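What follows is a short report on a single structure.
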Amino acid sequence: MFGYVGDVLFPVLALSQLVVQIDAGFYFAQGVAAGDHAARILATLQRALDAYPKSQRREFTIVYGTRDGEVMSSAFSVWTFNWTPNCGWTSSCAALPTSSGVVTSLGSGRKFVETWSERWNNTSEKGTSRAVFSSFCDALSAGGDALSGGAPQLVGLYRKGHARRLGVVYQGKPYLCGFEAEAVADDRLEWRNTSFERCDRHGIVLPSAQRHRVPRGLGVRTASAK
């Protein structure tokens with residue numbers, strides 16, 4: 001999984017080309033550890049930036065999430081690759097929390113996300129995936145950062161299989177990859193509401209889904225998600 005903050009143009013161009021190679025199946029060798037994958041990705045990004053016009057280079061950070069192994073032998077890792085005009089490239093592997101929590105928070109809206117995350121972590125929902133996602137939705141909905149907006153984007157990396165794009169029902173409308181989903185015929189797509197409950201594209205919680213408690217004063221409320 002990839003994400004980015006800061007400059008948009010270079011990450012979009014570089015990652016789109018990189019993902020095409022990865023999806024084609026000849027970029028990564030079988031049995032290679034995540035750390036070696038990260039090193040190869042960084043080297044590819046460095047070569048791409050070297051060929052990029054110097055006048056267009058601006059600060060950015062790319063986040064790379066991956067998994068070694070499958071099922072109970074799974075080991076997850078998250079890397080960040082940062083470039084600035086003054087310091088050049090830096091990279092690091094994040095220390096993962098022992099329970100569900102924020103791994104890294106970046107961008108202009110960081111302090112607002114951290115504020116809402118703290119509010120959720122002061123409730124009984126602390127240490128849950130729903131607290132992480134719901135606090136992010138609260139920060140986005142509150143509009144504290146003028147440079148952050150639109151619907152949240154959600155991707156899942158489970159203990160088996162490839163990363164999956166998940167649909168999000170936000171403010172009464174279904175979104176996929178940040179765009180409103182006008183019509184979705186693929187029943188295999190998984191949907192979540194802002195309480196991180198499994199639902200359909202209309203926000204109706206699935207009969208088999210676990211209901212999540214939303215502490216008073218928190219949570220993005222929409223009529224269709226009730």
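Quantities reported herein were computed from a predicted structural model and do not represent experimental measurements.
- In this structure, CZ in R110 is found 13.0 Å from OG in S148, a value given to the nearest 0.5 Å.
- Note on ring orientation: taking the six-membered ring where Trp is involved, the planes of Y170 and Y175 are perpendicular (angle over 60°, cut-offs 30° and 60°).
- Put simply, the side chain of T66 reaches to within 4.5 Å of the side chain of S77, judged on heavy atoms.
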Would you please test S208 and R198 for side-chain contact (heavy atoms from CB on, under 4.5 Å) and show each step? CA-CA 9 Å; S208 60; R198 293 188 300 117; 3.3 Å; yes
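- No more than 12 heavy atoms of other residues, nucleotides or ligands sit less than 6.0 Å from atom CD of E118.
- Looking only at side-chain heavy atoms (C-beta outward), H212 and Q210 come within less than 4.5 Å of each other.
- Here the side chains of R119 and P215 are not in contact, with every heavy-atom distance at 4.5 Å or above.
- Using a 4.5 Å cut-off between side-chain heavy atoms of Ile, Leu, Val, Met, Phe, Trp and Tyr, with links allowed through other members, L206 and F196 fall into different hydrophobic clusters.
- Atoms CZ and CG, on R130 and N193 in that order, are 12.0 Å from each other to the nearest 0.5 Å.
- Here the side chains of V103 and P97 are in contact, with some heavy-atom distance below 4.5 Å.
- F81 and F60 fall within a single hydrophobic cluster, where Ile, Leu, Val, Met, Phe, Trp and Tyr are joined by side-chain heavy atoms under 4.5 Å apart, directly or via other members.
- What you find for W120 and S135 is that their closest heavy atoms are CD1-CB, 3.4 Å.
- The minimum heavy-atom distance linking V32 with D36 is given by the pair CG1-CB, 3.3 Å.
- Closest of all the heavy-atom pairs between F76 and L96 is O-CD1, 3.1 Å.
- Between W79 and A34, the shortest heavy-atom contact is NE1-O, 4.4 Å.
- Note that CG of L218 and OG of S195 are 10.5 Å apart. Values are rounded to the nearest 0.5 Å.
- With hydrogens and angles ignored, the 3.5 Å screen pairs no side-chain donor or acceptor of R201 with any backbone N or O of W191.
- Using a 4.5 Å cut-off on side-chain heavy atoms (C-beta onward), W116 and L140 make no contact.
- By the 4.5 Å heavy-atom criterion applied to side chains, C199 and V169 are counted as neighbours.
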Step-by-step salt bridge (Lys or Arg N to Asp or Glu O under 4.0 Å) determination, R211 to E197: CA-CA 6 Å; R211 300 304 295 258; E197 296 166 323; 3.2 Å; yes
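- Ring geometry for Y64 versus F28: interplanar angle of 30 to 60°, hence tilted.
- Hydrophobic clustering (side-chain heavy atoms under 4.5 Å, transitive across Ile, Leu, Val, Met, Phe, Trp, Tyr) groups V155 together with L106.
- Atom CZ of R165 has 12 or fewer neighbouring heavy atoms from other residues, nucleotides or ligands inside a 6.0 Å radius.
- Side-chain N or O atoms of R57 include none that pairs as donor or acceptor with a backbone N or O of S55 at under 3.5 Å.
- With rounding to the nearest 0.5 angstrom, the OG atom of S105 is 8.5 Å from the CZ atom of F136.
- When all heavy atoms are compared, the tightest approach of S117 to V102 is OG-CG2, 4.1 Å.
- The distance from the CG atom of D7 to the OG1 atom of T84 is 12.5 Å, given to the nearest 0.5 Å.
- Here the closest heavy-atom approach between residue G219 and residue V214 is recorded as CA-CG1, 3.8 Å.
- Tracing side-chain contacts under 4.5 Å through hydrophobic residues (I, L, V, M, F, W, Y), one never reaches V5 starting from V113; they form parts of separate clusters.
- Looking at heavy atoms from C-beta onward, L189 lies out of side-chain contact with R164 at the 4.5 angstrom threshold.
- If you chain together hydrophobic residues whose side chains sit under 4.5 Å apart, V132 and L154 never meet in one group.
- Counting heavy atoms from C-beta on, the side chains of L18 and F2 come closer than 4.5 Å.
- Atom-to-atom distance recorded for R192:CZ and S134:OG is 10.5 Å, nearest 0.5 angstrom.
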